[in-house]
2 protein chains.
Amino acid sequence: MAVGLSSRSAVAIHALTMLARWGERTLTSAEIADSLASNPVLVRRILGSLRDAGLVWATEGRGGGWSLARPAREITLYDAYRAVEAGPILSRHPHEPSSQCEVGRNIQALLEVEFQDAERAMEERLGRTTIAHLVQRTLDIERELALPTR
Amino acid sequence: MAVGLSSRSAVAIHALTMLARWGERTLTSAEIADSLASNPVLVRRILGSLRDAGLVWATEGRGGGWSLARPAREITLYDAYRAVEAGPILSRHPHEPSSQCEVGRNIQALLEVEFQDAERAMEERLGRTTIAHLVQRTLDIERELALPTR
DNA sequence: CCGAACTGTAATGACAGTAGTTGCAGTTAA
DNA sequence: TTAACTGCAACTACTGTCATTACAGTTCGG
């Protein structure tokens with residue numbers, strides 16, 4: 001346990017956004033790694049999780065690469081998050097508290113409800129944005145930058 | 001970065017609930033550590049953060065210990081969370097993506113908005129439950145257990 | 001059928017953060 | 001003066017992340 005989740009969600013969303021943006025062709029893990037300033041193995045690991053979750057698929061061998069397994073507007077940030085992150089956000093007690101204590105023997109059950117609700121609130125918000133939204137915003141920004149200054 | 005936040009929030013909330021439950025007297029870090037099945041130094045570290053956040057105060061020396069600095073109904077789980085957890089929940093990119101890539105040069109700003117919103121949703125939910133709520137529920141459960149079976 | 005270009009995966013190392021512990025200085029009350 | 005506290009630094013053991021190397025398997029083009 002440490003501070004914050006891994007950056008796998010950010011990497012997964014980045015990769016999905018690239019696949020959606022250049023949907024007409026497959027992208028290799030090396031191309032995605034270039035954009036991430038990372039390396040192909042890391043990308044394949046994360047895309048592997050996304051593949052297991054049914055979000056993307058890969059073709060092997062020469063000329064192979066990655067594509068979205070369903071439309072970008074049907075893939076939310078929560079889908080990506082869920083596919084690559086493991087445990088709960090808010091860690092529970094490191095060990096069982098004392099059953100001798102009135103608070104100790106009840107706190108875990110109470111906290112479980114609160115923490116699950118809180119995590120669900122976060123996940124629900126992630127579920128409201130799709131990869132298609134991110135692609136659209138990316139295109140909007142790029143178009144705006146391309147405008148001549150007046 | 002790692003999977004899940006530290007358990008400091010859970011420990012902090014546990015300690016605050018104990019302080020609220022036995023509000024008439026101070027509790028020592030050793031007493032709280034007993035309930036947590038942990039040790040006093042860890043408890044003092046976390047209560048130290050809560051003290052810095054103005055949630056509790058300590059009296060030093062013999063007979064000293066910890067008390068809430070304000071009413072339990074004015075301390076939310078978010079207050080505890082905020083006092084002891086450092087960084088963002090959802091980690092961002094490990095390094096700057098490539099500016100050569102249309103997606104790479106825009107994704108960070110887009111993700112920042114999404115992730116901050118998602119984190120705020122979680123925090124907002126944590127802010128709706130107070131320590132007083134947890135004490136009340138603890139007492140309810142204990143009272144229920146004390147009822148004779150019929 | 002060979003070789004190049006891919007994916008898939010295991011193993012490893014450097015690093016960072018957590019949880020737990022020891023040790024000790026400072027403070028206060030009996 | 002001593003016992004019971006807090007405060008804090010230092011240290012260990014452990015775990016997870018990120019990056020990298022190495023290599024096996026797959027597919028296409030010539």
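A note on names: the letters A, B, ... follow the listed sequences, proteins ahead of strands, and every chain is numbered from 1.
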A.B. asks: Please give, in whole Å, the distance from C/dT21 P to B/Leu42 CG?
C.D. replies: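 Rounding to the nearest Å, CG of B/Leu42 and P of C/dT21 are 9 Å apart.
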A.B. asks: Rounded to the Å, how far apart are B/Asn39 CG and D/dT6 P?
C.D. replies: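 Distance check: B/Asn39 CG to D/dT6 P gives 12 Å.
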A.B. asks: Quick check on C/dT7: is either OP1 or OP2 less than 4.0 Å from any side-chain nitrogen or oxygen of A/Arg51?
C.D. replies: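 It does not, given that no N or O in the side chain of A/Arg51 lies less than 4.0 Å from OP1 or OP2 of C/dT7.
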A.B. asks: Produce the list of close N/O pairs, under 3.5 Å, pairing protein atoms with atoms of nucleotides 12-15 of chain C; give distances to one decimal.
C.D. replies:
none

A.B. asks: Counting any heavy atom closer than 4.0 Å, what does A/Gly48 reach on the DNA or RNA strands: base, sugar-phosphate only, or nothing?
C.D. replies: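 The answer is nothing, as A/Gly48 stays clear of every strand by at least 4.0 Å.
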A.B. asks: Using the rule given for side-chain contact (heavy atoms from CB on, under 4.5 Å), can you reason through B/Leu134 versus B/Leu77, listing the C-alpha separation, both sets of side-chain angles and the distance that settles it, and then say yes or no?
C.D. replies: CA-CA 10 Å; B/Leu134 296 187; B/Leu77 304 194; 3.8 Å; yes
A.B. asks: Determine: side-chain N/O of A/Ser38 to OP1/OP2 of D/dA19, distance under 4.0 Å, yes or no.
C.D. replies: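 For D/dA19, OP1/OP2 do have a side-chain N/O of A/Ser38 under 4.0 Å.
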A.B. asks: Which atom names give the shortest non-hydrogen contact between B/Trp22 and A/Cys101, and what distance separates them?
C.D. replies: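 Looking at all heavy atoms of both residues, the closest pair is CH2-SG, 3.8 Å.
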A.B. asks: Can you tell me how far CD1 of B/Ile46 sits from OG of B/Ser38, rounded to the nearest 0.5 angstrom?
C.D. replies: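 Answer rounded to 0.5 Å: 7.5 Å.
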A.B. asks: Measuring to OP1 and OP2 of D/dC18, would you say a side-chain N or O of A/Ser7 lies under 4.0 angstrom away?
C.D. replies: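 Result: yes.
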A.B. asks: Do nucleotides 24-30 of chain C as a string where each nucleotide becomes B, S or -: B if the base has a protein heavy atom under 4.0 Å, S if just the sugar-phosphate does, - if no protein is that close.
C.D. replies: ---BBB-
A.B. asks: Name the one of A/Glu124, A/Glu119, A/Glu114 that satisfies side chain to side chain donor-acceptor pair (under 3.5 Å) with B/Arg125?
C.D. replies: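 So the option named by the test is A/Glu114.
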A.B. asks: Mind calculating the distance between CG (B/Leu36) and P (C/dT18) to the nearest angstrom?
C.D. replies: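 The distance from CG of B/Leu36 to P of C/dT18 comes to 17 Å, rounded to the nearest Å.
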A.B. asks: In this structure, how many angstroms lie between the P atom of D/dT27 and the CH2 atom of A/Trp66, rounded?
C.D. replies: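 To the nearest whole Å, that distance equals 14 Å.
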A.B. asks: Atom CD1 of A/Ile32 and atom P of C/dT7: how far apart are they, to the nearest Å?
C.D. replies: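 Whole-Å distance recorded here is 8 Å.
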A.B. asks: On DNA chain D, check which nucleotide each of A/Val41 and B/Leu27 is closest to and give me the residue with the more 5' one.
C.D. replies: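 By nearest-heavy-atom nucleotide position, the 5'-most residue is B/Leu27.
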A.B. asks: Taking the side chain as C-beta and beyond, is there a heavy-atom pair between A/Thr129 and A/Tyr78 under 4.5 Å?
C.D. replies: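 No, their side chains stay 4.5 Å or more apart.
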A.B. asks: Roughly how far, to the nearest 0.5 Å, is the CG atom of B/Asn106 from the CG atom of B/Leu111?
C.D. replies: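 Between atom CG of B/Leu111 and atom CG of B/Asn106 there are 11.0 Å.
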A.B. asks: Starting at CH2 of A/Trp57 and ending at P of D/dT27, how long is that distance when rounded to a whole Å?
C.D. replies: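 It works out to 13 Å between those atoms.
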A.B. asks: Rounded to whole Å, please give me the gap between CD1 in A/Ile89 and P in D/dG16.
C.D. replies: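 So the CD1-P distance, A/Ile89 to D/dG16, works out to 15 Å.
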A.B. asks: Calculate the interatomic distance between B/His95 atom NE2 and D/dC18 atom P; express it in whole Å.
C.D. replies: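 Spelled out: NE2 on B/His95 to P on D/dC18 is 9 Å.
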A.B. asks: Output the distance between atom CG (A/Leu27) and atom CE (A/Met18), rounded to the nearest 0.5 Å.
C.D. replies: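 Output value for this atom pair is 5.5 Å.
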A.B. asks: Please determine whether a side-chain nitrogen or oxygen atom of B/Ser29 lies at a distance below 4.0 Å from atom OP1 or OP2 of D/dT6.
C.D. replies: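 Affirmative; the distance criterion is met.
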A.B. asks: State, with a plain yes or no, whether a side-chain heavy atom of B/Arg128 is found less than 4.5 Å away from one of B/His133.
C.D. replies: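 Side-chain contact under 4.5 Å: no.
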A.B. asks: Rounded to the nearest 0.5 Å, what separates atom CD in B/Glu85 from atom CZ in B/Arg8?
C.D. replies: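 Going from CD on B/Glu85 over to CZ on B/Arg8, the span is 5.0 Å.
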